[in-house]
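Here is the structure we will look at.
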Amino acid sequence: MATKGKVDVLLGLQWGDEGKGKVVDVLTPRYDVVARFQGGPNAGHTLEFEGQKYVLRSIPSGIFQGDKINIIGNGVVLAPDLFMDEAKALEKSGHNLKSRLHISKKAHLIMPTHRVLDAAYEAQKGKNKVGTTGKGIGPTYTDKVSRAGLRVGDILDHFEEKYAAAKARHDAILRSLNYEYDITEVENKWMEGVEYLRQFSFVDSEHEINHLLADGRNILCEGTQGTMLDVDFGSYPFVTSSNTICAGACTGLGIGPNRIGEVYGIMKAYCTRVGAGPFPTELFDETGRTIRDLGHEYGAVTGRERRCGWIDLVALRYAVMVNGVTQLIMMKSDVLDGFDTIKACTAYRVNGVETRDFPYDIEKNIEPVYQELPGWKTDMTGLTSERQFPKAFSDYIAFLEKELDTPITIISIGPDRAQTIIRNGK
């Protein structure tokens, strides 16, 4: 029997923005294929190397490794105009996409009216708004599950008719909401993006991926956002509209669950969140502002300030559990280099009762229970080996590994590709 390839999954364990793009780029040399399995251009993966900075929104982060196949899977939602801008910017920097980027025919298209619906629904919610990025992600997934969506494969068959019918349906909804809008300019660019998309390879990605596996190729599945934004297991309703957890790789790419091997869970050494929603360990003081400034915690796509807080081990234990995480990757450890004391939330006190389990509702009556640890007070950005770690940082790693019952195998100590330390020979 021929040797089979393997499938590993890489995903975020917090509320997104954990640094997945950098890690995919670092790990890609181990793989033949990098595949995105969910989400859309509402999340940006930032990569820095060789003095350049790139923000990827829809294109897999393995695109910078020239000999790799990159696949946008069926679980992704794609905005043709935004994809065009992103792809042209990469092409200008010398990266040839058309020969190695494949797009699933079953991926759904984000229409201009989806963005308008996004804004209209948020306006209707008033003070209860979710805090979306306004990119039309939710309405696109709504159309998908209501079996009324427009897909990439539709570009190849009577597209104008299908687009007009979908737009008319959206128009009727917006009229019922008395929401005024003009999408003429956006729509013109969107159509230009559709024509640009035609230059790429549209594939039956589930067949391609499984054929690649049968040929012995290794695949890295790349998730966007984070576990705590999963539509089922996150802090609902302040979540995204797709399954960000490991199971989403199966449904978003057409891979059997028995093919999944390593599950890399990415976390920051602290915690952040963008937009509305509960955040038990959020800091509203000078410490929170210091973390934001040192960590440059501003959205890669939206530019919005990220809310910052201490690491939440209750939420992380939950994320490790629902994903089946086998290895942890800790990002932005260097941001905490100057603190005298580091805090970690080890439990919640809910209505006066202490628990280590993540509850159904974290919006009310949650009081984090903290454990204090000594800071390492060392600039780690220039370190090249874990042997150089200050003892207090090594102790912090050991504490987290014990609390999460999972090894931390990769440590990031800066934004550059080179500022990455791989531990334990992994």
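Because only heavy atoms are used, hydrogens play no part in the values below, and waters and symmetry mates are left out as well, while side chains stay in.
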For this session: Assess whether side chain to side chain contact (heavy atoms under 4.5 Å, CB included) is satisfied between Glu206 and Lys106, documenting all intermediate values.
Result: CA-CA 9 Å; Glu206 65 275 27; Lys106 291 185 171 70; 2.8 Å; yes
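- By the 4.5 Å heavy-atom criterion applied to side chains, Gln14 and Leu316 are counted as neighbours.
- Counting heavy atoms from C-beta outward, Val23 and Met331 have side chains that approach closer than 4.5 Å.
- For the pair Phe389/Leu383, a side-chain contact is recorded, criterion being any heavy-atom separation below 4.5 Å from C-beta on.
- Under the ring-ring contact (aromatic ring centres under 6.0 Å, His included) criterion, Trp376 pairs with Phe393, Tyr396, not counting sequence neighbours.
- Using a 4.5 Å cut-off on side-chain heavy atoms (C-beta onward), Glu262 and Gln327 make contact.
- Minimum interatomic distance between Met380 and Ser333 (heavy atoms only, all atoms of both residues): CE-CB, 4.0 Å.
- Between Glu403 and Arg317 there is a salt bridge, with a side-chain nitrogen of the basic residue lying less than 4.0 Å from a carboxylate oxygen of the acidic one.
- More than 12 non-hydrogen atoms from other residues, nucleotides or ligands lie less than 6.0 angstrom from CZ of Phe159.
- Legend: residues meeting ring-ring contact (aromatic ring centres under 6.0 Å, His included) with His108, ordered by chain and number and at least two apart, are absent.
- Between the side chains of Arg36 and Ser61, no donor N or O sits under 3.5 Å from an acceptor N or O.
- Between Glu363 and Phe238, the closest side-chain pair of non-hydrogen atoms falls below 4.5 Å.
- The aromatic rings of Phe83 and Phe200 sit perpendicular, their planes meeting at an angle over 60°, well past the 30° parallel limit.
- Relative ring orientation between Tyr348 and Phe358 is described as tilted, the plane-to-plane angle lying within the 30° to 60° band.
- Looking at Thr281 and Lys343, their side chains never bring a donor and an acceptor atom within 3.5 Å of each other.
- One finds no salt bridge joining Glu160 and Lys167 here, because no Lys/Arg side-chain nitrogen approaches an Asp/Glu carboxylate oxygen to under 4.0 Å.
- A donor atom on one side chain and an acceptor atom on the other are not found under 3.5 Å apart for Thr240 and Asp230.
- In this structure, Lys189 pairs ionically with Asp85, as a charged nitrogen and a carboxylate oxygen lie closer than 4.0 Å.
- In this structure, Glu18 does not pair ionically with Lys268, as no charged nitrogen and carboxylate oxygen lie closer than 4.0 Å.
- Counted within 6.0 Å of CD on Glu286, heavy atoms from surrounding residues, nucleotides or ligands total more than 12; the atom is thus considered enclosed.
- Remark: the Ser412 side chain and the Lys332 side chain contain no N/O donor-acceptor pair separated by less than 3.5 Å.
- Considering only heavy atoms from C-beta on, Leu90 comes within 4.5 Å of Ile59 through its side chain.
- A ring-ring contact (aromatic ring centres under 6.0 Å, His included) check over residues 265-289, counting only residues at least two apart or in different chains, returns the pairs Trp15-Phe279.
- Looking at Gln225 and Thr244, their side chains never bring a donor and an acceptor atom within 3.5 Å of each other.
- Side-chain atoms of Thr224 and Gln38 include a donor-acceptor pair closer than 3.5 Å.
- Look at Asp154 and Lys105 and you find no salt bridge, because none of the NZ, NE, NH1 or NH2 atoms lies under 4.0 Å from a carboxylate O.
- At most 12 heavy atoms of other shown residues, nucleotides or ligands fall within 6.0 angstrom of atom NZ in Lys364.
- Screening Val203, Ile72, Ile71 for a side chain to side chain contact (heavy atoms under 4.5 Å, CB included) involving Ile103 leaves a single residue, Ile72.
- Every residue meeting the side chain to side chain donor-acceptor pair (under 3.5 Å) condition with His102, not counting sequence neighbours, appears here in chain and number order: Glu208.
- Between Leu150 and Tyr163 the shortest side-chain heavy-atom distance falls below 4.5 Å.
- Salt-bridge annotation for Lys68 and Asp32: absent, with no side-chain N of the basic residue lying under 4.0 Å from a carboxylate O of the acidic one.
- Under a 4.0 Å N-O distance rule, the pair Glu86/Arg57 does not qualify as a salt bridge.
- Two residues are said to be in side-chain contact when any heavy atoms from C-beta on lie closer than 4.5 Å; Leu404 and Leu313 meet this criterion.
- Applying the side chain to side chain donor-acceptor pair (under 3.5 Å) criterion to Asn218, with sequence neighbours excluded, gives no partner residue.
- For Asp361, there are no salt bridge (Lys or Arg N to Asp or Glu O under 4.0 Å) partners at least two apart in sequence or on another chain.
- No hydrogens or angles considered: nothing links the side chains of Lys144 and Thr140 as a donor-acceptor pair under 3.5 Å.
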